[in-house]
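Accompanying notes for the structure given below.
Both counts, for ligands and for their atoms, begin at 1 and track the order of listing.
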Amino acid sequence: MRFDELGLDEKILEAISYMGYEKASEIQELTIPAILAGKDILACAQTGTGKTAAFMLPILDHLSIEENHDLSTLIIVPTRELAIQINQQIQGFSYFLNINSVTVYGGRDGSDWDAESKALTKGTNIIVATPGKLISHLNLGYVKFDKIKHLVLDEADRMLDIGFYDDILRILSYVPDDRQTLMFSATMPQKIRDLAAKILKNPVEFSTAISKPAEGVLQAAYVVYENQKIPVISSLITNKPDLDSILVFSSTKRKVLDIVKSLKKAGNSVEGISSDLEQKEREDVLMRFRSRRTRILVATDVLSRGIDIKDINLIINFDVPGSAEDYVHRVGRTARADKTGIAISLINEHDMDKFDRIEKLIEQEVLKIPVPSELGDGPVYKVRPPRKGGRSQGKRKFSSGGRPQRGNSNPA
Ligand code: AMP
């Protein structure tokens, strides 16, 4: 569907056309008319589906009609990176509108405090905030949320995972009941439904491709011993010079350092990012990666959700992520909005059951490719059989001797 069929303001249409959006994505087609009609929304949509525009365009449409200077929209997100990224998108969408937005998030040097508190009392229309920092401002008593008409909770499942449930309810107690509330979540566990039942009024529910990687991601996995992981990714990266933007996820900060060191030693352009870095350093590292000055970024899962870096060619899960949903989020960094990409996971002998759960969630069997022969055999891929009376786990065995059929095409 074209955007001009959705009933959006001309100035918004002009802005998104400059941004190169041609047709609405599925989630945009579903939610935009309902949000324009003033409904509350509960939407299951993952990063990469265009969900930011799905809630932001109709809100901006409302604000363009209202034409006032009130602080009327509050967007609550789990991480500072997502706050920055949503704010950047808002600036693009509202380029031809007289609308301002400000981010509120922790981890900066403190110089931002005055600007944030000013924005929270007067002078801006939209706040994009992480819960913790917002609560710090609320505690000081000057925050005025009495004109809020649109409230968005983005990546609500992630916020509950981080432990923001009480903070969210506390923030909501400052916001008028007479408001439109839009809740977006990548997954829909019971705790999200419970929160939705508490804060949404007669919501319209939408769901797009629940917990499955975006179409266009080519997924594959190596079954390896831990000490084969670095050699495997080294050879993968060296053999694919055409892939100019590679994101590697690892489970610990220690491993991030080790991977960066090894890849650097092999002559690669690589940087690491983890919560150890100051906010400013994190932004600088991300900027160099975004602008392709750094070819490979190695990250702990700080980055795995919500970060919008365009056109990553290859995602490597150095470790199988702890939750199946995290896999979907990580893989969501590639093949965003109609593009294609590759996601490779490294599965060691301890992570096979975990990987099996991922395959069940995405309802897809991921291609297992052989460890390059010079690195020796990998472990045999075996999934534990279902326990009697327990949940069915399915019985599968993908390879013999850790070496799947040679005929498999190697996607990377
Ligand atoms: P999101 O899921 O909101 O993180 O968006 C993923 C990426 O897709 C962002 O870079 C958006 O700018 C881009 N995007 C969103 N909607 C569209 C669209 N309709 N056409 C092209 N790109 C889009």
For Asp9 and Lys11, work out which heavy atoms get closest and say how close. OD1-N, 2.8 Å

Checking Asp157 against Thr187 for the side chain to side chain donor-acceptor pair (under 3.5 Å) test, could you report, in this order, the C-alpha distance in whole Å, the side-chain angles of both residues, the deciding distance, and whether it holds? CA-CA 6 Å; Asp157 52 347; Thr187 56; 2.6 Å; yes

Is there a heavy atom in Met19 that sits closer than 4.0 Å to ligand 1? no

Kindly identify the option in Phe93, Phe55, Phe184, Tyr21 whose heavy atom sits closest to atom 23 (C) of ligand 1. Tyr21

Atoms of ligand 1, numbered as shown, that sit under 4.0 Å from any heavy atom of Phe3: 19 (N)

Please identify which atoms of ligand 1 are closer than 4.0 Å to at least one heavy atom of Lys51. 1 (P), 2 (O), 3 (O)

Backbone or side-chain N or O of Ala24 under 3.5 Å from ligand 1 N or O: no

May I ask you to check whether Tyr327 and Glu359 show a side-chain donor-acceptor distance below 3.5 Å? no

Does Glu22 reach ligand 1 with a nitrogen or oxygen that is under 3.5 Å from one of the ligand's nitrogen or oxygen atoms? no

Asn100-Thr124 side chain donor-acceptor pair, cut-off 3.5 Å: no

Under the side chain to side chain contact (heavy atoms under 4.5 Å, CB included) test against Ile76, which residue among Thr130, Val104, Ile171, Val152 passes? Ile171

Atoms of ligand 1 under 4.0 Å from any heavy atom of Lys23, numbered from 1 in the order shown, are 18 (C), 19 (N), 20 (N)

cation_pi(Lys255, Phe318) dist<6.0 Å, angle<=45: no

